[in-house]
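For reference, the structure is listed below as C-alpha coordinates.
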Amino acid sequence: MSSVAWFGIAVYRKYSSGSRYPNISLSAPLPGIPKPVFASVDGHEQCETKITTLENGLKVASQNKFGQFCTVGILVNSGSRHETKYPSGIAHFLEKLAFSSTAQYGSKDEILLTLEKHGGICDCQTSRDTTMYAVSAEVKGLDTVVSLLSDAVLQPRLLDEEIEMTRMAVRFELEDLNMRPDPEPLLTEMIHAAAYRGNTVGLPRFCPVDNVEKIDKKLLHTYLRSYYCPERMVLAGVGIEHEQLVACARKYLLDVKPVWGASTPTNVDLSVAQYTGGIVRVRAGRFFPFLPYFFLEEDFIPFAVLNMMMGGGGSFSAGGPGKGMFTRLYLNVLNRHHWMYNATSYHHSYEDSGLLCIHASADPRQVREMVEIITREFIQMAGTAGEMELARAKTQLKSMLMMNLESRPVIFEDVGRQVLATGTRKLPHELCDLISNITASDIKRVTTKMLRSKPAVAALGDLTEMPSYEHIQAALSSKDGRLPRMYRLFR
(Lines give C-alpha, C1' and ligand atoms only; values in the text may rest on other atoms or scores of the structure.)
Protein backbone atom coordinates (compact mmCIF):
# COMPACT_ATOMS: atom_id res chain seq x y z
CA MET A 1 0.00 0.00 0.00
CA SER A 2 1.45 3.37 -0.97
CA SER A 3 0.85 6.59 0.90
CA VAL A 4 1.52 10.23 0.15
CA ALA A 5 2.70 12.84 2.62
CA TRP A 6 2.42 16.54 1.86
CA PHE A 7 4.97 18.90 3.31
CA GLY A 8 5.77 22.57 2.73
CA ILE A 9 7.93 25.35 4.11
CA ALA A 10 7.38 29.08 3.75
CA VAL A 11 10.20 31.56 4.37
CA TYR A 12 9.71 35.29 4.83
CA ARG A 13 11.92 37.22 2.39
CA LYS A 14 12.78 40.85 2.92
CA TYR A 15 13.73 42.92 -0.11
CA SER A 16 16.73 45.21 0.23
CA SER A 17 16.33 48.92 -0.46
CA GLY A 18 18.18 48.47 -3.76
CA SER A 19 15.69 45.90 -5.10
CA ARG A 20 13.56 46.55 -8.21
CA TYR A 21 10.50 46.08 -5.86
CA PRO A 22 10.84 48.95 -3.36
CA ASN A 23 8.59 49.12 -0.30
CA ILE A 24 5.31 50.71 -1.44
CA SER A 25 2.59 51.93 0.92
CA LEU A 26 -0.76 50.30 0.13
CA SER A 27 -2.63 53.32 1.53
CA ALA A 28 -1.09 55.79 -0.97
CA PRO A 29 -1.88 56.08 -4.72
CA LEU A 30 0.45 54.10 -6.97
CA PRO A 31 2.85 56.29 -8.94
CA GLY A 32 1.98 56.74 -12.61
CA ILE A 33 -1.56 55.32 -12.24
CA PRO A 34 -4.54 57.62 -13.11
CA LYS A 35 -6.79 58.57 -10.21
CA PRO A 36 -9.87 56.28 -10.15
CA VAL A 37 -13.34 57.77 -10.62
CA PHE A 38 -16.13 55.95 -8.74
CA ALA A 39 -19.82 56.00 -9.64
CA SER A 40 -22.05 57.45 -6.95
CA VAL A 41 -25.69 56.34 -6.87
CA ASP A 42 -28.20 56.97 -4.13
CA GLY A 43 -29.39 53.61 -2.78
CA HIS A 44 -33.08 54.52 -3.03
CA GLU A 45 -32.70 55.72 -6.61
CA GLN A 46 -31.16 52.39 -7.58
CA CYS A 47 -34.05 50.29 -6.23
CA GLU A 48 -36.88 52.63 -7.21
CA THR A 49 -39.73 51.03 -9.17
CA LYS A 50 -41.07 53.26 -11.94
CA ILE A 51 -44.71 52.92 -12.99
CA THR A 52 -46.51 54.41 -16.01
CA THR A 53 -50.18 53.92 -16.95
CA LEU A 54 -50.93 53.99 -20.68
CA GLU A 55 -54.06 55.54 -22.23
CA ASN A 56 -55.79 52.13 -22.45
CA GLY A 57 -55.28 51.41 -18.72
CA LEU A 58 -52.27 49.05 -19.06
CA LYS A 59 -49.64 49.63 -16.36
CA VAL A 60 -45.94 49.50 -17.22
CA ALA A 61 -43.62 48.87 -14.25
CA SER A 62 -39.85 48.53 -14.30
CA GLN A 63 -36.94 48.04 -11.96
CA ASN A 64 -33.43 48.80 -13.12
CA LYS A 65 -30.78 46.16 -12.42
CA PHE A 66 -27.26 45.91 -13.75
CA GLY A 67 -26.54 43.11 -16.21
CA GLN A 68 -26.76 41.98 -19.83
CA PHE A 69 -30.05 40.11 -19.36
CA CYS A 70 -33.54 41.25 -18.46
CA THR A 71 -36.78 39.57 -17.39
CA VAL A 72 -39.95 40.98 -18.95
CA GLY A 73 -43.50 39.71 -18.76
CA ILE A 74 -47.21 40.40 -18.72
CA LEU A 75 -49.22 39.67 -15.58
CA VAL A 76 -53.00 39.39 -15.83
CA ASN A 77 -55.51 39.68 -13.00
CA SER A 78 -56.98 36.32 -13.92
CA GLY A 79 -56.89 32.93 -12.23
CA SER A 80 -58.97 30.03 -10.97
CA ARG A 81 -60.79 32.29 -8.47
CA HIS A 82 -62.43 34.11 -11.42
CA GLU A 83 -64.06 30.97 -12.85
CA THR A 84 -67.29 31.27 -10.86
CA LYS A 85 -69.41 31.66 -14.02
CA TYR A 86 -67.36 29.15 -16.04
CA PRO A 87 -66.35 25.49 -15.79
CA SER A 88 -63.31 25.24 -13.50
CA GLY A 89 -60.04 24.55 -15.31
CA ILE A 90 -59.83 27.41 -17.82
CA ALA A 91 -56.77 28.97 -16.14
CA HIS A 92 -55.12 25.52 -16.09
CA PHE A 93 -55.75 25.16 -19.85
CA LEU A 94 -54.44 28.67 -20.62
CA GLU A 95 -51.23 27.89 -18.73
CA LYS A 96 -50.63 24.81 -20.90
CA LEU A 97 -51.57 26.64 -24.13
CA ALA A 98 -49.26 29.61 -23.50
CA PHE A 99 -46.58 30.37 -26.09
CA SER A 100 -48.18 28.06 -28.67
CA SER A 101 -48.89 29.26 -32.23
CA THR A 102 -49.93 32.91 -32.64
CA ALA A 103 -50.80 35.29 -35.48
CA GLN A 104 -47.08 36.03 -35.93
CA TYR A 105 -45.55 32.63 -35.09
CA GLY A 106 -46.66 29.35 -36.70
CA SER A 107 -45.69 27.10 -33.77
CA LYS A 108 -44.11 26.95 -30.34
CA ASP A 109 -40.85 25.89 -31.99
CA GLU A 110 -40.76 29.17 -33.94
CA ILE A 111 -41.19 31.12 -30.70
CA LEU A 112 -38.39 29.19 -29.01
CA LEU A 113 -36.05 29.65 -32.00
CA THR A 114 -36.73 33.41 -31.98
CA LEU A 115 -35.93 33.60 -28.28
CA GLU A 116 -32.76 31.49 -28.73
CA LYS A 117 -31.29 34.25 -30.93
CA HIS A 118 -31.37 36.49 -27.85
CA GLY A 119 -30.41 33.78 -25.33
CA GLY A 120 -34.01 33.75 -24.11
CA ILE A 121 -36.42 31.38 -22.38
CA CYS A 122 -40.18 31.70 -21.76
CA ASP A 123 -42.62 30.44 -19.16
CA CYS A 124 -46.24 30.81 -18.09
CA GLN A 125 -47.58 30.21 -14.58
CA THR A 126 -51.10 30.54 -13.23
CA SER A 127 -52.17 30.83 -9.61
CA ARG A 128 -55.55 31.34 -7.98
CA ASP A 129 -55.55 35.07 -8.75
CA THR A 130 -52.83 35.78 -11.36
CA THR A 131 -51.62 34.57 -14.75
CA MET A 132 -48.01 35.41 -15.57
CA TYR A 133 -46.32 35.24 -19.00
CA ALA A 134 -42.55 35.84 -18.65
CA VAL A 135 -39.45 35.92 -20.84
CA SER A 136 -35.80 36.23 -19.82
CA ALA A 137 -33.46 37.36 -22.61
CA GLU A 138 -30.66 39.74 -23.54
CA VAL A 139 -31.45 43.41 -23.04
CA LYS A 140 -30.78 44.23 -26.71
CA GLY A 141 -33.64 41.88 -27.69
CA LEU A 142 -36.27 43.83 -25.71
CA ASP A 143 -38.24 44.94 -28.79
CA THR A 144 -38.56 41.35 -30.02
CA VAL A 145 -39.47 40.12 -26.53
CA VAL A 146 -42.33 42.63 -26.00
CA SER A 147 -43.62 41.96 -29.53
CA LEU A 148 -43.61 38.21 -28.81
CA LEU A 149 -45.35 38.66 -25.43
CA SER A 150 -48.06 40.80 -27.01
CA ASP A 151 -48.64 38.14 -29.65
CA ALA A 152 -48.68 35.26 -27.13
CA VAL A 153 -51.17 36.99 -24.82
CA LEU A 154 -53.49 38.77 -27.28
CA GLN A 155 -53.19 36.77 -30.54
CA PRO A 156 -53.08 33.03 -29.68
CA ARG A 157 -54.50 30.79 -32.43
CA LEU A 158 -55.83 28.11 -30.03
CA LEU A 159 -55.89 25.48 -32.78
CA ASP A 160 -57.96 22.31 -32.33
CA GLU A 161 -54.84 20.11 -32.26
CA GLU A 162 -53.25 22.37 -29.61
CA ILE A 163 -56.34 22.13 -27.42
CA GLU A 164 -56.42 18.35 -27.83
CA MET A 165 -52.74 18.11 -26.84
CA THR A 166 -53.54 20.27 -23.83
CA ARG A 167 -56.34 17.92 -22.81
CA MET A 168 -53.85 15.04 -22.85
CA ALA A 169 -51.33 17.06 -20.80
CA VAL A 170 -53.99 18.01 -18.24
CA ARG A 171 -55.18 14.40 -17.86
CA PHE A 172 -51.61 13.24 -17.33
CA GLU A 173 -50.98 15.97 -14.73
CA LEU A 174 -54.16 15.03 -12.83
CA GLU A 175 -53.10 11.36 -12.74
CA ASP A 176 -49.60 12.35 -11.61
CA LEU A 177 -51.05 14.59 -8.90
CA ASN A 178 -52.78 11.62 -7.26
CA MET A 179 -49.81 9.28 -7.60
CA ARG A 180 -46.82 11.41 -6.60
CA PRO A 181 -45.18 10.70 -3.21
CA ASP A 182 -45.26 14.38 -2.22
CA PRO A 183 -48.94 15.19 -1.58
CA GLU A 184 -48.44 18.94 -0.98
CA PRO A 185 -50.13 20.24 -4.21
CA LEU A 186 -53.13 17.99 -3.55
CA LEU A 187 -53.31 19.06 0.09
CA THR A 188 -53.15 22.74 -0.87
CA GLU A 189 -56.15 22.13 -3.14
CA MET A 190 -58.00 20.35 -0.34
CA ILE A 191 -57.37 23.00 2.28
CA HIS A 192 -58.55 25.81 0.01
CA ALA A 193 -61.67 23.79 -0.78
CA ALA A 194 -62.33 23.36 2.96
CA ALA A 195 -61.60 26.98 3.89
CA TYR A 196 -63.50 28.69 1.05
CA ARG A 197 -66.10 26.11 0.15
CA GLY A 198 -67.38 26.73 -3.40
CA ASN A 199 -66.22 30.34 -3.77
CA THR A 200 -63.28 32.39 -5.15
CA VAL A 201 -59.93 30.97 -3.95
CA GLY A 202 -61.71 27.76 -2.91
CA LEU A 203 -62.44 26.89 -6.55
CA PRO A 204 -60.17 24.19 -8.06
CA ARG A 205 -56.84 25.41 -9.44
CA PHE A 206 -56.42 22.18 -11.42
CA CYS A 207 -59.02 21.31 -14.05
CA PRO A 208 -61.48 18.68 -12.71
CA VAL A 209 -61.54 15.50 -14.80
CA ASP A 210 -65.20 16.06 -15.73
CA ASN A 211 -64.39 19.47 -17.26
CA VAL A 212 -61.51 18.43 -19.52
CA GLU A 213 -63.79 17.79 -22.52
CA LYS A 214 -65.97 20.85 -21.85
CA ILE A 215 -63.23 23.42 -22.43
CA ASP A 216 -62.92 24.44 -26.09
CA LYS A 217 -61.89 27.45 -28.18
CA LYS A 218 -65.28 29.17 -27.94
CA LEU A 219 -65.36 28.94 -24.14
CA LEU A 220 -61.75 30.16 -23.85
CA HIS A 221 -62.52 33.18 -26.06
CA THR A 222 -65.57 34.03 -23.94
CA TYR A 223 -63.43 33.98 -20.81
CA LEU A 224 -60.53 35.90 -22.39
CA ARG A 225 -62.92 38.59 -23.64
CA SER A 226 -63.86 39.39 -20.04
CA TYR A 227 -60.54 39.07 -18.22
CA TYR A 228 -57.72 39.77 -20.69
CA CYS A 229 -58.29 43.52 -20.97
CA PRO A 230 -55.55 46.22 -20.62
CA GLU A 231 -56.80 47.61 -17.30
CA ARG A 232 -56.33 44.15 -15.75
CA MET A 233 -52.73 43.80 -17.03
CA VAL A 234 -49.23 44.90 -16.03
CA LEU A 235 -46.18 44.83 -18.30
CA ALA A 236 -43.31 44.40 -15.83
CA GLY A 237 -39.59 44.40 -16.54
CA VAL A 238 -36.38 44.06 -14.55
CA GLY A 239 -32.97 45.00 -15.93
CA ILE A 240 -34.14 47.53 -18.53
CA GLU A 241 -34.62 51.30 -18.79
CA HIS A 242 -38.17 52.40 -18.00
CA GLU A 243 -38.51 54.73 -21.01
CA GLN A 244 -37.43 51.92 -23.35
CA LEU A 245 -40.04 49.55 -21.89
CA VAL A 246 -42.78 52.21 -22.14
CA ALA A 247 -41.88 52.84 -25.80
CA CYS A 248 -42.18 49.10 -26.57
CA ALA A 249 -45.51 48.93 -24.68
CA ARG A 250 -46.91 51.80 -26.74
CA LYS A 251 -45.70 50.11 -29.93
CA TYR A 252 -47.07 46.62 -29.28
CA LEU A 253 -49.77 46.85 -26.57
CA LEU A 254 -51.55 50.20 -26.95
CA ASP A 255 -53.77 49.86 -30.02
CA VAL A 256 -53.83 46.10 -30.49
CA LYS A 257 -57.15 44.36 -31.08
CA PRO A 258 -57.19 40.88 -29.47
CA VAL A 259 -58.10 37.87 -31.58
CA TRP A 260 -61.31 37.37 -29.54
CA GLY A 261 -62.57 40.89 -30.30
CA ALA A 262 -63.43 43.83 -28.05
CA SER A 263 -63.08 43.30 -24.29
CA THR A 264 -66.15 43.16 -22.04
CA PRO A 265 -64.77 43.92 -18.54
CA THR A 266 -68.31 44.42 -17.22
CA ASN A 267 -68.62 40.60 -17.01
CA VAL A 268 -65.74 40.31 -14.52
CA ASP A 269 -66.53 38.46 -11.28
CA LEU A 270 -65.70 40.77 -8.35
CA SER A 271 -66.67 38.37 -5.55
CA VAL A 272 -64.86 38.80 -2.24
CA ALA A 273 -63.42 35.63 -0.67
CA GLN A 274 -65.86 34.20 1.88
CA TYR A 275 -64.13 32.10 4.54
CA THR A 276 -66.37 29.19 5.55
CA GLY A 277 -64.15 26.70 7.39
CA GLY A 278 -64.92 22.99 7.29
CA ILE A 279 -63.25 19.67 6.58
CA VAL A 280 -62.23 17.70 3.49
CA ARG A 281 -61.23 14.03 3.85
CA VAL A 282 -59.58 11.68 1.36
CA ARG A 283 -58.68 8.14 2.44
CA ALA A 284 -55.28 7.30 0.94
CA GLY A 285 -51.70 7.05 2.14
CA ARG A 286 -50.56 8.98 5.21
CA PHE A 287 -52.38 11.64 7.20
CA PHE A 288 -51.77 15.37 6.73
CA PRO A 289 -53.96 17.87 8.58
CA PHE A 290 -53.97 21.59 7.87
CA LEU A 291 -55.58 23.95 10.33
CA PRO A 292 -55.73 27.38 8.73
CA TYR A 293 -57.52 30.66 9.41
CA PHE A 294 -58.22 33.74 7.36
CA PHE A 295 -56.47 37.09 7.77
CA LEU A 296 -56.74 40.51 6.16
CA GLU A 297 -54.21 42.73 4.39
CA GLU A 298 -53.27 44.88 7.39
CA ASP A 299 -52.31 41.72 9.27
CA PHE A 300 -50.07 40.36 6.52
CA ILE A 301 -46.71 41.29 8.08
CA PRO A 302 -47.58 40.04 11.62
CA PHE A 303 -48.73 36.71 10.14
CA ALA A 304 -45.56 36.45 8.05
CA VAL A 305 -43.50 36.89 11.23
CA LEU A 306 -45.70 34.35 13.07
CA ASN A 307 -45.22 31.87 10.22
CA MET A 308 -41.43 32.21 10.54
CA MET A 309 -41.68 31.80 14.32
CA MET A 310 -43.59 28.52 13.91
CA GLY A 311 -41.23 27.26 11.15
CA GLY A 312 -40.87 23.50 11.21
CA GLY A 313 -39.98 20.94 8.57
CA GLY A 314 -39.23 17.22 8.27
CA SER A 315 -38.22 15.03 11.19
CA PHE A 316 -34.92 14.23 9.46
CA SER A 317 -32.96 17.45 9.16
CA ALA A 318 -29.62 18.91 10.13
CA GLY A 319 -28.13 22.35 10.61
CA GLY A 320 -28.21 25.29 12.97
CA PRO A 321 -30.44 28.35 13.43
CA GLY A 322 -30.34 29.15 9.71
CA LYS A 323 -32.25 25.91 9.04
CA GLY A 324 -35.00 26.94 11.45
CA MET A 325 -34.05 24.40 14.14
CA PHE A 326 -35.02 26.87 16.87
CA THR A 327 -38.56 27.43 15.58
CA ARG A 328 -41.51 26.27 17.71
CA LEU A 329 -42.49 23.31 15.55
CA TYR A 330 -38.97 21.90 15.87
CA LEU A 331 -38.50 22.64 19.58
CA ASN A 332 -42.01 21.76 20.79
CA VAL A 333 -43.09 19.11 18.28
CA LEU A 334 -40.43 17.32 16.22
CA ASN A 335 -37.77 17.27 18.95
CA ARG A 336 -40.21 15.90 21.54
CA HIS A 337 -42.29 13.50 19.44
CA HIS A 338 -39.92 11.35 17.39
CA TRP A 339 -42.76 9.44 15.73
CA MET A 340 -43.96 12.49 13.75
CA TYR A 341 -42.77 12.61 10.17
CA ASN A 342 -43.33 16.29 9.52
CA ALA A 343 -44.70 19.50 11.03
CA THR A 344 -44.47 22.65 8.94
CA SER A 345 -46.14 26.06 9.02
CA TYR A 346 -47.31 27.71 5.78
CA HIS A 347 -49.25 30.77 4.83
CA HIS A 348 -51.07 31.71 1.64
CA SER A 349 -52.01 35.35 1.06
CA TYR A 350 -54.47 36.93 -1.37
CA GLU A 351 -55.70 40.48 -1.90
CA ASP A 352 -58.79 39.97 0.27
CA SER A 353 -57.97 36.99 2.51
CA GLY A 354 -55.33 34.43 3.46
CA LEU A 355 -54.58 31.22 5.32
CA LEU A 356 -52.14 30.22 8.04
CA CYS A 357 -51.67 26.45 8.07
CA ILE A 358 -49.84 23.78 10.00
CA HIS A 359 -49.19 20.66 7.94
CA ALA A 360 -48.30 17.52 9.89
CA SER A 361 -47.93 13.82 9.14
CA ALA A 362 -47.54 10.67 11.20
CA ASP A 363 -48.38 6.98 11.36
CA PRO A 364 -52.18 6.47 11.09
CA ARG A 365 -52.27 4.84 14.56
CA GLN A 366 -51.09 8.10 16.15
CA VAL A 367 -53.29 10.53 14.25
CA ARG A 368 -55.38 11.52 17.27
CA GLU A 369 -52.32 12.32 19.37
CA MET A 370 -50.77 14.27 16.48
CA VAL A 371 -53.91 16.39 15.99
CA GLU A 372 -53.91 17.26 19.70
CA ILE A 373 -50.24 18.30 19.56
CA ILE A 374 -51.01 20.63 16.63
CA THR A 375 -54.13 22.12 18.26
CA ARG A 376 -52.04 22.85 21.37
CA GLU A 377 -49.52 24.71 19.21
CA PHE A 378 -52.32 26.85 17.78
CA ILE A 379 -53.55 27.72 21.28
CA GLN A 380 -50.02 28.58 22.43
CA MET A 381 -49.69 31.06 19.54
CA ALA A 382 -52.01 33.37 21.51
CA GLY A 383 -49.51 33.57 24.37
CA THR A 384 -46.86 36.27 24.60
CA ALA A 385 -43.96 35.61 22.22
CA GLY A 386 -40.50 35.56 23.77
CA GLU A 387 -38.24 38.50 23.00
CA MET A 388 -35.48 36.30 21.55
CA GLU A 389 -37.73 34.08 19.39
CA LEU A 390 -39.53 37.15 18.02
CA ALA A 391 -36.24 38.86 17.15
CA ARG A 392 -34.99 35.64 15.52
CA ALA A 393 -38.19 35.26 13.45
CA LYS A 394 -38.01 38.89 12.26
CA THR A 395 -34.33 38.53 11.34
CA GLN A 396 -35.01 35.28 9.45
CA LEU A 397 -37.91 36.86 7.56
CA LYS A 398 -35.85 39.90 6.54
CA SER A 399 -32.95 37.65 5.55
CA MET A 400 -35.20 35.43 3.41
CA LEU A 401 -36.79 38.49 1.78
CA MET A 402 -33.46 40.08 0.87
CA MET A 403 -31.91 36.82 -0.34
CA ASN A 404 -34.89 36.05 -2.58
CA LEU A 405 -34.75 39.57 -4.05
CA GLU A 406 -31.20 38.93 -5.27
CA SER A 407 -32.75 36.93 -8.12
CA ARG A 408 -33.92 38.85 -11.19
CA PRO A 409 -36.99 36.62 -11.91
CA VAL A 410 -38.08 36.97 -8.26
CA ILE A 411 -37.78 40.78 -8.45
CA PHE A 412 -39.84 40.66 -11.66
CA GLU A 413 -42.62 38.65 -10.02
CA ASP A 414 -42.58 40.88 -6.92
CA VAL A 415 -42.83 44.07 -9.02
CA GLY A 416 -45.57 42.65 -11.25
CA ARG A 417 -47.72 41.18 -8.48
CA GLN A 418 -47.54 44.24 -6.22
CA VAL A 419 -48.35 46.69 -9.04
CA LEU A 420 -51.17 44.45 -10.30
CA ALA A 421 -52.75 44.18 -6.84
CA THR A 422 -52.17 47.68 -5.42
CA GLY A 423 -50.95 49.93 -8.24
CA THR A 424 -47.70 50.59 -6.33
CA ARG A 425 -44.73 48.65 -4.96
CA LYS A 426 -43.36 48.56 -1.45
CA LEU A 427 -39.57 48.50 -1.70
CA PRO A 428 -37.46 45.98 0.27
CA HIS A 429 -36.26 48.54 2.83
CA GLU A 430 -39.89 49.57 3.47
CA LEU A 431 -40.89 45.95 4.07
CA CYS A 432 -37.89 45.46 6.38
CA ASP A 433 -38.98 48.52 8.39
CA LEU A 434 -42.51 47.08 8.71
CA ILE A 435 -41.08 43.74 9.87
CA SER A 436 -38.79 45.46 12.41
CA ASN A 437 -41.77 47.31 13.90
CA ILE A 438 -43.73 44.12 14.71
CA THR A 439 -44.13 43.58 18.46
CA ALA A 440 -45.27 40.67 20.61
CA SER A 441 -48.62 42.44 21.07
CA ASP A 442 -49.13 42.46 17.26
CA ILE A 443 -48.60 38.69 17.17
CA LYS A 444 -51.01 38.18 20.07
CA ARG A 445 -53.62 40.47 18.48
CA VAL A 446 -53.73 38.66 15.11
CA THR A 447 -53.58 35.21 16.71
CA THR A 448 -56.44 35.94 19.09
CA LYS A 449 -58.56 37.20 16.19
CA MET A 450 -57.61 34.16 14.11
CA LEU A 451 -58.58 31.64 16.80
CA ARG A 452 -62.13 33.05 16.94
CA SER A 453 -62.78 31.60 13.47
CA LYS A 454 -63.86 28.10 12.55
CA PRO A 455 -60.91 25.90 11.55
CA ALA A 456 -60.50 24.39 8.11
CA VAL A 457 -59.10 20.85 8.09
CA ALA A 458 -57.78 18.68 5.27
CA ALA A 459 -57.15 15.00 6.03
CA LEU A 460 -55.50 12.60 3.63
CA GLY A 461 -54.81 8.98 4.59
CA ASP A 462 -56.03 6.22 6.89
CA LEU A 463 -58.51 8.20 8.98
CA THR A 464 -59.68 5.49 11.40
CA GLU A 465 -58.23 7.36 14.41
CA MET A 466 -59.08 10.79 13.07
CA PRO A 467 -60.97 12.96 15.62
CA SER A 468 -64.24 14.47 14.47
CA TYR A 469 -64.37 18.05 13.17
CA GLU A 470 -66.47 19.01 16.22
CA HIS A 471 -63.75 17.67 18.57
CA ILE A 472 -61.05 19.63 16.70
CA GLN A 473 -63.18 22.76 16.94
CA ALA A 474 -63.72 22.17 20.67
CA ALA A 475 -59.95 21.73 21.22
CA LEU A 476 -59.24 25.03 19.46
CA SER A 477 -61.84 26.75 21.66
CA SER A 478 -60.37 25.39 24.90
CA LYS A 479 -57.62 26.90 27.06
CA ASP A 480 -55.07 24.14 26.57
CA GLY A 481 -55.92 22.83 23.07
CA ARG A 482 -56.69 19.30 24.28
CA LEU A 483 -59.22 17.12 22.46
CA PRO A 484 -62.30 15.96 24.42
CA ARG A 485 -61.63 12.61 26.12
CA MET A 486 -63.13 9.52 24.50
CA TYR A 487 -64.01 6.38 26.42
CA ARG A 488 -64.52 3.05 24.63
CA LEU A 489 -65.88 -0.17 26.07
CA PHE A 490 -64.34 -2.22 23.27
CA ARG A 491 -61.32 -1.64 21.07
Side-chain angles (χ1 to χ4, degrees), residues 80-81 88 128 177-178 182-206 208 273-295 303 307 310 312 329 333 340-350 353-379 381-382 447 449-478 480-486 488:
S80 59
R81 72 170 293 165
S88 291
R128 296 181 188 279
L177 193 67
N178 292 310
D182 175 23
E184 192 177 321
L186 186 60
L187 286 163
T188 303
E189 281 289 286
M190 290 168 61
I191 201 57
H192 280 83
Y196 303 94
R197 194 171 292 273
N199 77 90
T200 58
V201 292
L203 297 174
R205 193 174 82 79
F206 298 101
Q274 302 294 320
Y275 180 84
T276 60
I279 186 167
V280 172
R281 300 165 179 254
V282 175
R283 294 178 179 272
R286 293 181 295 175
F287 174 80
F288 299 81
F290 278 81
L291 295 103
Y293 295 82
F294 75 102
F295 59 88
F303 270 107
N307 183 60
M310 298 307 295
L329 291 179
V333 178
M340 287 188 66
Y341 303 145
N342 187 295
T344 310
S345 177
Y346 294 94
H347 80 245
H348 306 275
S349 59
Y350 305 99
S353 189
L355 297 171
L356 179 74
C357 323
I358 292 181
H359 157 195
S361 60
D363 187 279
R365 292 167 295 182
Q366 291 170 300
V367 163
R368 184 177 178 84
E369 188 178 352
M370 178 183 63
V371 172
E372 186 171 86
I373 289 166
I374 299 305
T375 54
R376 287 210 304 264
E377 286 303 311
F378 268 105
I379 295 299
M381 286 183 197
T447 306
K449 183 166 70 172
M450 175 182 74
L451 288 169
R452 294 195 195 110
S453 311
K454 288 173 62 179
V457 182
L460 172 65
D462 181 349
L463 308 179
T464 309
E465 298 296 319
M466 170 78 176
S468 67
Y469 179 77
E470 291 72 25
H471 281 189
I472 295 172
Q473 199 169 0
L476 289 165
S477 303
S478 66
D480 58 3
R482 292 185 179 278
L483 291 166
R485 298 301 93 185
M486 289 181 64
R488 297 179 183 176

Considering residues at least two apart in sequence or located in another chain, which fulfil the side-chain contact (heavy atoms from CB on, under 4.5 Å) criterion with T200? R81, S271, A273
Partners of R197 by side-chain contact (heavy atoms from CB on, under 4.5 Å), sequence neighbours excluded?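 Scan of R197 (side-chain contact (heavy atoms from CB on, under 4.5 Å), adjacent residues dropped) gives T276, V280.
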Close side-chain approach of [X] and [Y], heavy atoms under 4.5 Å:
X: R128; Y: H348; result: no
X: L177; Y: P185; result: yes
X: L203; Y: Y196; result: no
X: M466; Y: I279; result: yes
X: V371; Y: H471; result: no
X: I373; Y: M340; result: yes
X: H192; Y: R205; result: no
X: E465; Y: Q366; result: no

Rounded to the nearest 0.5 Å, what separates atom [atom1] in [X] from atom [atom2] in [Y]?
X: L329; Y: T344; atom1: CG; atom2: OG1; result: 7.0 Å
X: L483; Y: E470; atom1: CG; atom2: CD; result: 12.0 Å
X: R482; Y: D480; atom1: CZ; atom2: CG; result: 5.5 Å
X: D462; Y: R365; atom1: CG; atom2: CZ; result: 10.0 Å
X: I374; Y: C357; atom1: CD1; atom2: SG; result: 12.0 Å
X: F303; Y: M381; atom1: CZ; atom2: CE; result: 9.0 Å

Nearest atoms (heavy-atom pairs only) where [X] meets [Y]:
X: S80; Y: P204; value: CB-O, 3.4 Å
X: S88; Y: P208; value: O-CD, 3.3 Å
X: P455; Y: Q473; value: CD-CG, 3.9 Å
X: F378; Y: L451; value: O-CD1, 3.6 Å
X: A382; Y: T447; value: N-CG2, 3.5 Å
X: M190; Y: A459; value: CE-O, 3.5 Å

Indicate yes or no: does E372 engage R485 in a salt bridge with an N to O separation below 4.0 Å.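 Between R485 and E372 there is a salt bridge, with a charged N closer than 4.0 Å to a carboxylate O.
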Give the intermediate values and the outcome of side-chain contact (heavy atoms from CB on, under 4.5 Å) for residues N178 and L186. CA-CA 7 Å; N178 292 310; L186 186 60; 4.0 Å; yes
Please determine, by modelled atom types, if S345 and N307 share a side-chain donor-acceptor pair under 3.5 angstrom.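 Yes, a side-chain donor-acceptor pair sits under 3.5 Å.
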Go through it in stages, so that I can follow the logic: the residues are I191 and H359, the test is side-chain contact (heavy atoms from CB on, under 4.5 Å), and I'd like the CA-CA distance, side-chain angles, deciding distance and then a yes or no. CA-CA 10 Å; I191 201 57; H359 157 195; over 6 Å; no
Y469: what forms a ring pair (Phe, Tyr, Trp, His ring centres under 6.0 Å) with it, not counting sequence neighbours? none
Using the side-chain contact (heavy atoms from CB on, under 4.5 Å) rule, take L355 and Y275 through it: C-alpha gap first, then chi angles, then the decisive distance, then the call. CA-CA 10 Å; L355 297 171; Y275 180 84; 4.1 Å; yes
